[in-house]
Structures are given as C-alpha cells and as structure tokens.
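Each remark here refers to the structure printed beneath this line.
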Amino acid sequence: MPQRPATDSPAYGPLDPLDQHRGPVGRALPDAPDAPTADELRLPEQATPDRHALDRPGPGSRHTPGPDRHTPDRSAPARPVPERHVPERPPTERHQTAGTQNLQLAALIEEAGFSHAGLARRVDQLGLEHGLDLRYDKTSVTRWLRGQQPRGATPALIAEVFTRRLGRRLTAQDLGLDACAPVYAGLEFAETPQEAVDIVASMWRKDNGPQSELRRIAFTPAGLVVPSRDWLIGRTDERVARDGSTLARPDPGPGAPAGAATGPVGPAGPAPRGQAAQGAQAGRTATTSTGPAGGQAAAPAGGPTTGPAAGAAAFGARVPTQSRRPPIAVEPPFQDPARDPRPALRVGRGDIAAIRAVGDLFRALDHAYGGGHARQALVRYLESEAEPMLRGRYGEQIGRALFGAVADLTRLAGWTSFDIAAHGLAQRYFVQALRLSQAAGDRALGGYVLVTMSQQAVHLGHGREAVQLARVAQQGVGTAVPPTVQALLHAAEARGHGLLGDVRSCTTALVRAERALAAARTGDELPAWARFFDEAQLSDEFAHCYRDLQQWRTAAQHAEKSLRLRSPAYARSRIFCRLVLATARLGMGDLDEACGMATDALRAAGEMRSARSLEYVRDFHRRLTPYRGSPVARAFEETARQAGVI
C-alpha cells in the first residue's frame, strides 16, 4: 500500500476533555463578536426570491452547477421576468413560494446570536472540514431567510453549525431547509434504536448493485468525528423491546409518511411454541459473545474456530430452523396494527443464532475470496431477513441480542464494501453498525467497529484519524474485555502511528498489543469477530508497521513469521503479507526475490474479488520505479499489465 500523507481534516483528540455537544473543549468553531443587528433579524416584507440571484459558492467550490446556471450581473438591478418566461428550476435549487419566509431559520439565528455574516463564515469553515471551498456571505443568509434553498451539502452543514452552537441536535428540516444532502446521508448517529433501523434499512434497500448511487458516495474524514464522539459519551439505550400489538405512534416529524411511527414499545409476548423449542435447543448448543458488562448474546456453538472455514461448516450444520413467517411489508417504517392486520414477526433465539451463523459464513467467504464475492448477497440477506426481525416483536433480552447480531453483519457489509473500494458506502455502514451496537449494549463490538473504521482510515492515508479512532475505542471499551480484544485495539493504534512515521508511539502500541495477546488463554470466550486475531495476525500488524517505518529487515522477519503461521483459509491476508514481504525485500536491495514474491501474489490476487489486493500490487509496482531498467522489474510490469492491474 502506498504511504500517503495524513490529512489536515479536523478531528478531536479522544483523550481531550469532551463537551457533550460541541466535541472537545476548545475545538468549537471560532466565535467572533457578531451580535446580529436589528436589520438582520428583521425579515424583509413581501420579499420575492430573485430568479437570478442564485445562492452560489465562489470559485473553487466543488459543487457541480446545475444545467441552467449562469452568472448574473450583480452590478445591475435584477429585472422582473414575466411568469410565463420563467424556466423550471433544477431540482438542486428549490425556492419556496413567493412571499414565504423561513421563520424557523430566523428564530434559530436569533437564539444562537449569529449575525448573517457570522453564520455564513461558520458554514464556510465547516465546509472546509469536508473538503468544500464555499464562499457564502451575509447576502446568502438573507436569501435563505427569504425562502431560497441552498444546494448540495449546505443544508446539512448549516444544521451542524446550529447543533454545535446550541448544544442540541438539529436537522436541516428543523431549520426549514431541505433534507440532508448525500455528504451526510448515512453518517447520522441516530437518537433512538428505531431511527437507526430506519436509516440502515434505507441503505440496504438502496444498495442494489454495481450501479447503485451509494457506491459512488465519497469518503469524508470529517464524518468520523461526530459518530465516534457520540458513541464514546453516549449511554446504552434504556429500551429496545417491541410488541407489535402495542406500537406507539409519536409524531414522525416533517416529511414522514402517514402512519410512520417510532419510539419505545411494550415488552414482547411469549415466543411461539416452535420458536420456544428452537430457543431451548439454541441455548444448549450455542456459545456466547461478550457484551458490555458481562452480558451474553447467543452465538453458534462448537467452541472457538481457528479459521473461517469453520464458519462455513457451521452454516451447514448448526443453523437453527427459523419459524415460517409471511412476508412483512417494510413501508411505512413501522407496522401499525390498526392499518395492517398481519401479525408482526416474533423473534426468538433461533433467529439470533441463524443471523450469527450467516455472519460466520460471509466472514469465511470474505477471507477466502474477497469482499466482492458475496457482498451483495449479504446486503440482500440484511434487507429480506434482518429488517423484518428488527421491525418485529421481541423482548428486551432478545432485542439486545438481535441488535448485536445485525450490527455485526452491518459492519461486515461495510468491510466488504471497503474491500471493493466503495469507501463512502463502507464508512456509512460502519457508522450505522456503531449505532446498532450501542442499542445492543455491546461496547466491545462498538470498539471493534471503530477499529474497522481506523483500518479504513489507514488504508486511505488518514493516519491522524486512525489513531484517534483506535484511542476512542480503547477508552470506550475499558479493561472489561478479553486480552485478545485489547491486543486488537492496540494494534490498530500502532498502524496509525506507523503511517504517520511516529516510531516511538508505534513501538509503544505494538508492545502493548504483544503483551495483551500473551495474556490470552485458550479457554477465553471470544466473540466470533475477534477469533481471527492470533499470533499470525499480530505478526502481520508488526510487518505492516515496520514497512511504513521503512525498517525493512524487521518488517521482513515479521512478515515471514505471519506467513508461516497463517492458515490458507485467510487467502487475502496472505496476499497482503506476501506483498509486504516483497516490499521489505525490495527495500533491502534483493530485487529478484522481491519481484518473484510479488509475481506470485499478483497471480493469487487475480483469483480474488478484492480491490485492496490489487492496490497492494500497484503499490509494489510504484516502488519499482527506480529499478525500471532491470529485466526482472520489466518482466513484473509486463505481467501486471497483461493482468489488467496497471
């Protein structure tokens, strides 16, 4: 993998003191004296939006202009245009009806004490955090107050500015603006479990193939801050139980479909007789995964597995029979018994065990063949099976286990998306998995989700964010997890330090990981997602770190050890490690051996559906630049070109 410079995108230091709503102390948007004037707070009377005065950011903005955009002559007054000649506006820029003022936005500006210029400045600054060069000013705010809808990501950015200032979560709708633009879609850390279900279920339904719009959403480093902060300072939801016969119907909020309902529900009734029998059987044959405070959730039995192949075997042998159930409509989001006479699905232990066994299967496929092989099938399973369960009937204990099992699968959907280079989609799945893990009350799983996010940040060159995510995970998990999980958390931090070139911090984190893994015992109960982390994996982490630190000999030693210990079932990890070893050999001056190893890895990568595997090959090819005149280097380049890798 190429070593890219860390970005300067903002993120809080996880060890800094936190303010519950504004992040770390001292990191809020700068406050300048900007008390609003009386004229700014007074809405203009009978104001009509000017057709030509579009709310356009200045030069350099990354917003894409609509098809009918043109630059007006601001030095001349706008001429009135007869109504019959006004063209239809592009959907990206909508105006409210003439004379309609945005009273919601005006009230919040007054409450926050913003001047128009102060609000515009804060929106511009927040845009920079997301890589957007915005050029809003006080006249832009005036147009918003007159009913003009800002384009693109701006509504979400404005809502975030007010959220930070007022200390409570606000959405674009709360400001009288359009809903969140794609830059924030899926990055929301929902306030309630059922709101989280709505968000992630919408993603499952829209993630419907290679041409899906979600596959093209960009990764945003700034999108890592709020979810990790909210997870760290948040508490486990008081209630997740649902009873289809007593669903509450609170106000669904603006724009929600008729009949939509959210909120806590009553306890689930007794499980059907068939499921009760399945639950008893599952209780006799299942192992457990550790929850936040010693809580346990059902998982497939058979003892700790040593490789992903065991997961596939478990899928065929141990998946409990699920109860027969009719298809359940998922629109509107929650069933209303008064409108839908069909009974909601009752979820039992057999259903939870089945979800976990499916997770083992997809993990095995991912390790052996790459994320692209079964990713779409995994998402369809979540949509067709997991969503009806989440919207079904269950008590508190079953509900927690259900949210934990679905959180694990959602994280895996993100991981496989990451492996095919759909980085924005992967980031959003990770955020939603983090929220579902909070509903499950499983801090260890939440910490693992953050580690996964940290690994993605390393891969994309964001070392600073990677370190912070790993440290947030360590703080949130504490010491009440098995030593293997502790080792995993410290290894993730070390990878971030390695990318940044911080030798001392990287070495310290690696030593902590090594000591933690040494304290692990064979009989330790581990969640299924942590069983891959063994001595072979730790050696792999060491090799990557020392490669990034350009300590070639040490990197080669750890890579060789990892390959000796690593099971063939982890085919993709072996490809990565071979290319790390090839890079180390190249750094040591052994060109022939390096190219030979890289060629073997290239052939193996051709059997995978993994964009990351090909990126490792391309990284090695870039490192060959000083040796392009060598016959062995030219031979590797020709092989890679024939394979379509370069």
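Below, all heavy atoms of this structure are taken into account, side chains as well, without hydrogens, waters or symmetry copies. The shown structure was predicted, so the numbers you read here are calculated from the model rather than taken from an experiment.
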Inset, instruction - Determine yes or no for a side-chain-to-main-chain donor-acceptor pair under 3.5 angstrom, with Gln432 supplying the side chain and Ile199 the backbone. - result: no
Inset, instruction - Report yes if some heavy atom in the side chain of Phe532 is under 4.5 Å from a heavy atom in the side chain of Arg363; otherwise report no. - result: no
Legend entry - Heavy-atom pair with the smallest gap, counting every atom of Pro483 and Asp524: CD-OD2, 3.9 Å
Legend entry - Backbone N/O of Ile233 and side chain of Arg235: donor-acceptor pair under 3.5 Å: no
Inset, instruction - Would you please say whether a donor-acceptor pair under 3.5 Å links the side chains of Ser613 and Arg572? - result: no
Inset, instruction - Please examine the side chains of Leu549 and Cys506, heavy atoms only from C-beta on, and report whether any two atoms are closer than 4.5 Å. - result: yes
Inset, instruction - Apply the salt bridge (charged side-chain N to carboxylate O under 4.0 Å, His left out) test between Glu560 and each candidate in Arg585, Arg553, Arg566; give the one that qualifies. - result: Arg585
Inset, instruction - Please report the closest heavy-atom contact between Ala439 and Phe403, naming both atoms and the distance. - result: CB-CD2, 3.7 Å
Inset, instruction - Taking atom types as modelled, find out whether His544 and Asp540 have a side-chain donor-acceptor pair closer than 3.5 angstrom. - result: yes
Inset, instruction - Could you tell me whether the side chain of Leu469 reaches within less than 4.5 Å of the side chain of Gln455, counting heavy atoms only? - result: no
Legend entry - Close side-chain approach of Thr192 and Asp237, heavy atoms under 4.5 Å: no
Inset, instruction - Kindly compute the distance separating OG (Ser539) from CD (Gln557), expressed to the nearest 0.5 Å. - result: 11.0 Å
Legend entry - Verdict with supporting geometry, Arg618 and Glu615, salt bridge (Lys or Arg N to Asp or Glu O under 4.0 Å): CA-CA 5 Å; Arg618 295 187 187 107; Glu615 287 173 11; 5.3 Å; no
Inset, instruction - Could you label the plane-to-plane angle of the Phe418 and His423 rings as parallel, tilted or perpendicular, counting under 30° as parallel and over 60° as perpendicular? - result: tilted
Inset, instruction - Could you tell me whether a side-chain N or O of Glu465 sits under 3.5 Å from a main-chain N or O of Ser454, the two making a donor and an acceptor? - result: no
Donor-acceptor pairs under 3.5 angstrom involving side-chain atoms of residues 507-515: please list them, not counting sequence neighbours.
from   : atom 1 : to     : atom 2 : distance (Å)
Thr507 : OG1    : Val503 : O      : 2.8
Thr508 : OG1    : Arg504 : O      : 2.9

Inset, instruction - State, with a plain yes or no, whether a side-chain heavy atom of Phe533 is found less than 4.5 Å away from one of Glu541. - result: yes
Inset, instruction - Would you tell me whether Gln438 and Arg435 have side-chain atoms, one donor and one acceptor, within less than 3.5 Å of each other? - result: yes
Inset, instruction - State, yes or no, whether a side-chain contact exists between Trp552 and Thr583 at a heavy-atom distance under 4.5 Å. - result: yes
Inset, instruction - Determine, stepwise, if the pair Met389 / Ile355 fulfils side chain to side chain contact (heavy atoms under 4.5 Å, CB included). - result: CA-CA 10 Å; Met389 293 186 204; Ile355 293 175; 3.5 Å; yes
Legend entry - Distance in Å, Ile420 CD1 paired with Leu425 CG, rounded so as to fall on 0.5 Å steps: 7.5 Å
Inset, instruction - Check whether any side-chain heavy atom of Tyr616 sits under 4.5 Å from a side-chain heavy atom of Val580, and report yes or no. - result: yes
Inset, instruction - Look only at the side chain of Asp548 and the backbone of Cys545, and say whether a donor-acceptor pair between them is shorter than 3.5 Å. - result: no
Inset, instruction - Return the minimal non-hydrogen interatomic distance between Gly371 and Asp419, and the atom names on each side. - result: N-OD2, 2.7 Å
Legend entry - Worked verdict on Tyr429 versus Asp207 for side chain to side chain donor-acceptor pair (under 3.5 Å): CA-CA 11 Å; Tyr429 274 134; Asp207 185 7; 2.9 Å; yes
Inset, instruction - Please determine if Arg443 forms a cation-pi arrangement with Trp231, meaning its NZ or CZ atom is less than 6.0 Å from the six-membered ring centre and no more than 45° off the ring axis. - result: yes
Inset, instruction - For side chain to side chain contact (heavy atoms under 4.5 Å, CB included), just list the numbers for Val200 and Val406, CA-CA rounded to whole Å, side-chain angles, deciding distance to a tenth of an Å, and then say yes or no. - result: CA-CA 10 Å; Val200 74; Val406 176; 5.9 Å; no
Legend entry - Leu365 and His373: CA distance, side-chain angles, deciding distance, side chain to side chain contact (heavy atoms under 4.5 Å, CB included) verdict: CA-CA 7 Å; Leu365 293 172; His373 265 286; 5.5 Å; no
Inset, instruction - Give a yes or no answer on whether the side chain of Glu593 reaches the backbone of Ala582 with a donor-acceptor pair at less than 3.5 Å. - result: no
Legend entry - Pairwise distance CZ(Arg547) to SG(Cys577) - rounded to 0.5 angstrom: 10.5 Å
Inset, instruction - Mark yes or no for whether Arg346, through its side chain, and Gly392, through its backbone, hold a donor-acceptor pair below 3.5 Å. - result: no
Legend entry - Rounded distance (nearest 0.5 Å) linking atom OH of Tyr570 with atom CD of Gln537: 8.5 Å
Inset, instruction - Please report the shortest heavy-atom distance between Ala470 and Leu489, naming the atom on each side. - result: CB-O, 4.1 Å
Legend entry - Spacing of CZ belonging to Arg349 relative to CD1 belonging to Ile352, to within rounding of 0.5 Å: 9.5 Å
Legend entry - Nearest-0.5 Å distance, OG of residue Ser437 to CG of residue Asp408: 10.5 Å
Legend entry - Nearest heavy atoms of Leu579 and Ala601, plus distance in Å: CG-CB, 3.6 Å
Legend entry - Which atom of Gly370 lies closest to which atom of Met608, heavy atoms considered: N-CE, 3.5 Å
Legend entry - pair Arg428-Val431: side-chain heavy atoms closer than 4.5 Å: no
Legend entry - Side-chain ion pair, Asp360 and Arg356, N-O less than 4.0 Å: no
Inset, instruction - Establish, yes or no, whether the cationic atom of Arg609 lies under 6.0 Å from the six-membered ring centre of Tyr369 and within 45° of the ring axis. - result: no
Inset, instruction - Before giving the answer on side chain to side chain contact (heavy atoms under 4.5 Å, CB included), spell out for Tyr448 and Val477 the whole-Å C-alpha distance, their side-chain angles and the decisive distance to 0.1 Å. - result: CA-CA 9 Å; Tyr448 180 50; Val477 169; over 6 Å; no
